[in-house]
Structures are given as structure tokens and as C-alpha cells.
**Q** 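What follows is a structure written as C-alpha cells; I'll ask about it next.
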Amino acid sequence: MTVTLVPAPPPLAEPPAPARPDPLAVLGVPGEINLDHAASAPCARAAADAVAALLPWHASVHRGAGALSRRCTLAYERARQTVADFLGARPGDHVIFTRNTTDAVNLLARALPTGTTVVTFAGEHHANLLPWPRGSVRLPVPASPAEAVRGLDAALRELRRPGPIGSATGTRPDLPVLVAVTGASNVTGERWPVAELALVARRHDARILVDAAQLAPHAPVDLAALDVDYLALSGHKLYAPFGAGVLVGRGDWLDAAPPYLAGGGATSHVGTATHEVRWATGPARHEAGTPNLLGAVALAAVCAALAEADRDALHAREQALLARLRDGIAALPHVVELRTFGPDAPRVGIASFVVAGRDSAEVAAYLADAHRIGIRDGLFCAHPLARRLLAEAGARSGRRDLPPTALRASLGLGTTTAEVDALLAALARLA
């Protein structure tokens, strides 16, 4: 009998593995063009997934012995460490969860040692202008990054010059000084020379706080590399819109100050006598009450996703979109861009402008109603700077029909070329 050998069939091909969802993809509403990331960025997939995974376990943090509470406490403290790593925190730095950047800056303002002089620039967001004590020094808006460095150096030299306390010629050289500066303007997107300003502060024995609310979503921020003492940011601008922010920085002032909030969790001992309280040290000192677990976890998830991402590629993509937007604005004769520094100064994905002869609130409403494009109008919680730049824009353009408020388009993860072009086309129709 002849046996015919039949070849074995080829092995079945393995089905392709499902594509892994991009953790930095952002959620949105189909048809709506969101160009208002600088106010509140959309939610990143990483944040939404982290919150969804934790919600079934949601329980008290630091306040329970059950499995749910233990898991949530671990998630909260892991979030703190993830944020610390993302921002380059040093040994001895505290990572304190707050509501947002404004809350974080106010916390530091409450923790300043007695007699501290705070030096800011007039180009700051209100969050970095209003919390500081009386006697703070507000420097003029500089015309360039180099002028900002020179202006700070001159101001600190004058502050450190010996003279009678309270006189116009100087102050006691041994009193603390804090420099408070933005990393990137929320009005123009222009980046400030943080490392150079930190070097000047260090030269004059001053500390420095960086408001990184607008910088951190667009570029790496590292406390140790920049040699800054404190840093504040908001989760809702970093694609984690769950109501959390952070203040990160040196622990000595924070541990020596009264708690920002008095209450449970901030104490190590409460006695029976009135005011018999020993306050905790470390972040817990300023985190009284039940913390925003979901906000902290969402923020940490985005930090972890950004740490794994190709930040150079993200930056290049954003810069290409920003150049397209700014070139398009420059080509519209009835639209004038606002700027503090020169036109080629480094900036993040923000552009503010005015439409000549048109009220900015009406333009914003037209874009929303007729084109489903969302942008910001107003003075952007930076009134001194915005008013100055509006006046400068009028002088530079020679136009007397510019409105008293401005418009701002801000880009980020998920922004497309088609969305930028849609905005430019809509602005062109207003001519």
C-alpha cells in the first residue's frame, strides 16, 4: 500500500495585537474645536483611565485600615512620588497637593518667614501678583529676556545694599528674599529665562519660585536642573482636569510655617487644652482634610505618560502648529498679535491677538456660534500686562481702532493643522 504524505497545513497566523491606546490622546467632543488649552486643557486618556481604574476602590486616604483605604493611601503617595520624579524634586523637597497653581502660590505666601521681600515682574498672572505681602517689589515688564535678567540683578543688588530698614536705599542684607516669576506667559506664551534668573537669585542669596502652570504642559521642567527653590503648577492645565495642583520645593520654610489649613491630618498630636497642638512636618502639615485622591492620581498618570513620551517630537509638532498660527495671523492686516519680547523669542503654544475694529467678546462669540471654535477673550487674569501689550500693539501697528481686551488661542496635545486653519479662515472672514 502506498502512503501519500500530506504536508501539514501552515500554522495559523497570530492575530495582530490590538493597538495600545495612546495615553496622551485627549478626550473631546466631535465637531468642537478647542483652542483654549491655556485656560483648561482637555483630559488625557491616561488621566481618565487612571481615575476609572481607581473609582471602584475609592475610599479614605490615611484614614482607614480596610483594603480599600490602604489601596487608596498607597495610590495617593505613589502619585506624590511620581510627580516628584517628573519635576526633578530633590531630597528634602516637599510635594504638597493643592487645588491649582493659585492655591499653591498662596500656600507659599503664607509660609514666608517674617520680613521676606518678594520680587515679581508686572508681567505675571494674578496668581503670582496678588498673594504676596505688602512691601513686595514689582519690577517693570522687560522688553527682552536679557532685560529681565539685568533688571532682577539690579533690583536684588539694591535690596541687598545695607541701609536703614524701610528706607528707599536698601534693606537688611540678612532678611529673606523670594523671586517669583513665570516660566511661560499665559498671555503671550513667551518663555522666560528661568535658569538665568535663578542664577541671579542665587548670586544675591535669594530664593526663587517658578509659576510653571503654562510651561509644564509644553516642556520638561526640572527643579534640580534649573536650580529653583519652588515650583507650582495646575493639573487642569496638564491634561488632568480633576482639581489638583502642586507646590514642590524646599521643606524648611514649609515646615516652619503654621499650617495652610488647620484640621485633621495636619497634626501629630492634639491635647485636651485649647491650642495644645503639635503640627505634622512634611506635606501633611499643609494638606489638612480629606485629600483630592482622584486629582492626585490623574495628575500623576499624565506625568508618567509625559515622562515616557518623546518630548522633543511633541515640542517640534507644537512649534510647527504655532508657527502656522502666528504666520497666518501676521498675514491678516486687520489682526495684530500681542507680544512682550521680540517676534522670534522662544514660546509655547499660545498666541494672543486683537481684531481691529471688533470687540473681542463679540469675536469670541462669533467663532463659537458660527464655527464651533473655542478661544479665550478678555485680559486673561493678567490685567497689568495685557493692558500694556494692547497699548504697545496699537503703537506698533499704528492703529487706533484696537479693542480694550484681547483674544487668545492656545494649542496642545490633540490640536491639528485643520483646526488652526479653521481659526485663520474664520478670522479672515471678519475683514
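Not measured: the values here are computed from a predicted model.
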**Q** If you apply the rule side chain to side chain contact (heavy atoms under 4.5 Å, CB included), what do you find for L254 with R285, and how did you get there?
**A** CA-CA 8 Å; L254 296 166; R285 186 182 187 90; over 6 Å; no
**Q** Using a 6.0 Å cut-off, check whether atom CZ of R45 has over 12 heavy atoms from anything other than its own residue.
**A**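 Not more than 12 within 6.0 Å, no.
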**Q** State, without any angle test, whether N106 and Y260 hold a side-chain donor-acceptor pair at a distance under 3.5 Å.
**A**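 Side-chain D/A pair, N106 to Y260: absent.
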**Q** Start with the C-alpha gap between V83 and F86, add the side-chain angles, then the distance that decides, and say whether side chain to side chain contact (heavy atoms under 4.5 Å, CB included) holds.
**A** CA-CA 5 Å; V83 173; F86 180 71; 5.5 Å; no
**Q** Nearest 0.5 Å please: distance from the CG atom of L231 over to the CG atom of L226.
**A**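 Taking CG in L231 and CG in L226, the distance rounds to 8.0 Å.
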**Q** Answer whether the closest heavy-atom distance between the side chains of N128 and F121 falls below 4.5 Å.
**A**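 No. Closest side-chain heavy atoms not under 4.5 Å.
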**Q** If you count heavy atoms of other groups shown closer than 6.0 angstrom to CZ of R250, is the number above 12?
**A**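 For R250, atom CZ is crowded (more than 12 foreign heavy atoms under 6.0 Å).
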**Q** If you round to the nearest 0.5 Å, how far is OG of S40 from NE2 of H236?
**A**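 Here the interatomic distance stands at 4.5 Å.
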**Q** Side chains of F242 and C43: does their closest heavy-atom pair fall under 4.5 Å?
**A**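 Yes, side chains in contact.
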**Q** Could you go step by step and tell me if H125 and F380 meet the ring-ring contact (aromatic ring centres under 6.0 Å, His included) rule?
**A** CA-CA 8 Å; H125 187 281; F380 317 128; over 10 Å; no
**Q** I need the D93 CG to D229 CG distance, nearest 0.5 Å.
**A**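 D93 atom CG to D229 atom CG measures 8.5 Å (nearest 0.5 Å).
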**Q** Looking at T101, N100, T102, T98, which one forms a side chain to side chain donor-acceptor pair (under 3.5 Å) with S234?
**A**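 For S234, the side chain to side chain donor-acceptor pair (under 3.5 Å) check succeeds only for T101.
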**Q** Drop me the distance from L247's CG to D103's CG, to the nearest 0.5 angstrom.
**A**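 It is 9.5 Å, given to the nearest 0.5 Å.
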**Q** Identify which one of V119, V179, D153, L152 satisfies the side chain to side chain contact (heavy atoms under 4.5 Å, CB included) criterion when paired with H204.
**A**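 Testing each of V119, V179, D153, L152 against H204, the sole residue satisfying side chain to side chain contact (heavy atoms under 4.5 Å, CB included) is D153.
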**Q** Is the shortest distance from a Lys or Arg side-chain nitrogen in D344 or R326 to a carboxylate oxygen in the other one below 4.0 Å?
**A**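 So D344 does not pair with R326 through a salt bridge.
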**Q** For the pair F97 and Y76, name the ring-plane relationship: parallel under 30°, tilted 30 to 60°, perpendicular over 60°.
**A**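 Ring orientation of F97 relative to Y76: tilted.
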**Q** Is it the case that over 12 heavy atoms from other parts of the model lie below 6.0 angstrom from the CD atom of E32?
**A**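 More than 12 heavy atoms, drawn from other residues, nucleotides or ligands, come within 6.0 Å of this atom.
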**Q** So, applying side chain to side chain contact (heavy atoms under 4.5 Å, CB included) with L390, which one of L385, V336, L338 is it?
**A**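 So the option named by the test is L338.
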**Q** May I ask you to decide whether R339 forms a salt bridge with E190, counting only side-chain N to carboxylate O separations under 4.0 Å?
**A**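 The answer is no: the pair does not qualify as a salt bridge.
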**Q** Is there a side-chain contact between L35 and L367 in this structure, where contact means two heavy atoms from C-beta onward sitting under 4.5 Å apart?
**A**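 L35 vs L367: side chains apart.
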**Q** Counting heavy atoms not belonging to R347, are there more than 12 under 6.0 Å from its CZ?
**A**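 More than 12 within 6.0 Å, yes.
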**Q** Testing the basics here: between A422 and I33, what is the closest heavy-atom pair and its distance to 0.1 Å?
**A**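 Looking at all heavy atoms of both residues, the closest pair is CB-CD1, 3.8 Å.
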**Q** Measure the spacing between NE2 of H218 and CG of L413 and express it to the nearest 0.5 Å.
**A**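 Going from the NE2 atom of H218 to the CG atom of L413 covers 8.5 Å.
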**Q** A side-chain contact here means heavy atoms from C-beta on lying under 4.5 Å apart; do Y366 and R429 qualify?
**A**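 Yes, side chains in contact.
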**Q** Quick check for you: to the nearest 0.5 Å, what is the distance between H334 atom NE2 and F353 atom CZ?
**A**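 Reported value, rounded in 0.5 Å steps: 9.5 Å.
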**Q** Looking at D36 and R408, does any basic side-chain N land under 4.0 Å from a carboxylate oxygen?
**A**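 A salt bridge links D36 with R408.
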**Q** Does R203 have more than 12 heavy atoms from other residues, nucleotides or ligands lying within 6.0 Å of its CZ?
**A**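 Atom CZ in R203 is crowded, with more than 12 foreign heavy atoms closer than 6.0 Å.
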**Q** Can you tell me if CZ on R110 sees more than 12 non-hydrogen neighbours from other groups inside 6.0 Å?
**A**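 Not more than 12 within 6.0 Å, no.
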